[in-house]
Amino acid sequence: MQPITVRPETHEDERAIDVVHISAFGGEAEAQLVSALRASSDYNRELSLVAELGGRIVGHVLLTRVPLRKGGSEKQLLALGPMSVVPSQSHRGIGSELIEAAKRLAREKGYGSIVVLGHPEYYKRFGFIPAKDRQVTCNLPAPEDALTALEVESGNLEGGGHVEYPEPFVALY
Ligand SMILES: CC(C)(COP(=O)(O)OP(=O)(O)OC[C@H]1O[C@@H](n2cnc3c(N)ncnc32)[C@H](O)[C@@H]1OP(=O)(O)O)[C@@H](O)C(=O)NCCC(=O)NCCS
């Protein structure tokens, strides 16, 4: 198989990223979520990673800076998602490469943790644990078990807190 390159998105990748999400999720909701997040003032392209294979975008993962609030204090984490890989290229490790790249990026940028709402069984293999084990909750009405978390920096989630996803996520859920 040709090598997979994981790199930050550019403006030219936007349509291809939409196509990846629409084909993988079978609907437009996640592509619309990415567009809505892109339109927000604090959108950071460096936190949006694409997987390229033979010059074609075949996967995408978005990281969004979110606050974790506890009492009067607040720290910034990264929320991972949406993430998808085109069905024709799934089960080849591309999703795994995207998550490992996201973990490296979080470390490089100095974020202590990543949270994700999604299939807990999938994320477990990358070190994500149930968020409730760290008393971490979020503002989205998803089943409690769907929220998992990874401490990029050991102990970062100690004491727990409440993650506030921005409005485009709230609109999706
Ligand atoms: C989930 C997804 C990103 C995985 O991408 P991928 O490139 O196929 O992932 P990898 O090749 O690294 O890993 C594949 C393994 O993930 C596991 N896996 C895939 N989807 C899973 C799920 N929903 N729940 C649990 N495990 C899952 C399988 O065990 C698979 O192993 P196998 O190849 O031995 O069957 C991709 O299938 C996808 O885009 N799905 C549709 C969109 C989606 O659900 N995104 C995630 C939202 S949380």
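Start at 1 and go down the list; that is how both ligands and their atoms are numbered.
A donor-acceptor pair shorter than 3.5 Å can be found between the side chains of H60 and S48.
Closest to atom 7 (O) of ligand 1, if we only count protein heavy atoms, is G95 N, 2.8 Å. Protein heavy atom at the shortest distance from atom 29 (O) of ligand 1 is R125 NH2, 3.3 Å. Nearest protein heavy-atom neighbour of atom 37 (O) of ligand 1: S90 CB, 4.4 Å. Of the protein's heavy atoms, Y122 CD1, 3.9 Å lies nearest to atom 19 (C) of ligand 1. Scanning the protein heavy atoms around atom 11 (O) of ligand 1, the nearest turns out to be G93 N, 2.7 Å. The shortest contact between atom 43 (C) of ligand 1 and any protein heavy atom is with F25 CE2, 3.5 Å. For atom 46 (C) of ligand 1, the closest heavy atom belonging to the protein is M83 O, 3.5 Å.
Comparing heavy-atom distances from atom 44 (O) of ligand 1 across E97, K124, H119, R92 singles out H119 as nearest. Around atom 8 (O) of ligand 1, the closest heavy atom drawn from E121, H91, H21 belongs to H91. Among V85, I94, I4, the residue whose heavy atom lies nearest to atom 38 (C) of ligand 1 is V85.
The N/O atoms of L117, backbone and side chain alike, include none that comes under 3.5 Å of an N/O atom in ligand 1.
At a distance under 4.0 Å, no protein heavy atom can be found next to atom 2 (C) of ligand 1. Atom 34 (O) of ligand 1 lies below 4.0 Å from none of the non-hydrogen atoms of the protein.
Near G118, the atoms of ligand 1 lying under 4.0 angstrom from a non-hydrogen atom of the residue are 48 (S). Close approach to A24 involves these atoms of ligand 1, each under 4.0 Å from a residue heavy atom: 39 (O), 41 (C). In summary, the atoms of ligand 1 found under 4.0 Å from a heavy atom of S96, numbered by their order in the structure, are 10 (P), 12 (O).
Other residues, nucleotides and ligands place no more than 12 heavy atoms under 6.0 Å from the CD atom of E46. Sparse packing is recorded around NZ of K124, with 12 or fewer heavy atoms of other residues, nucleotides or ligands lying under 6.0 Å away.
Clustering ILVMFWY residues whenever any of their side-chain heavy atoms sit less than 4.5 angstrom apart, transitively, puts L172 in the very cluster that holds V66.
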Go through it in stages, so that I can follow the logic: the residues are K103 and Y111, the test is side chain to side chain contact (heavy atoms under 4.5 Å, CB included), and I'd like the CA-CA distance, side-chain angles, deciding distance and then a yes or no.
CA-CA 9 Å; K103 285 164 63 175; Y111 290 94; over 6 Å; no
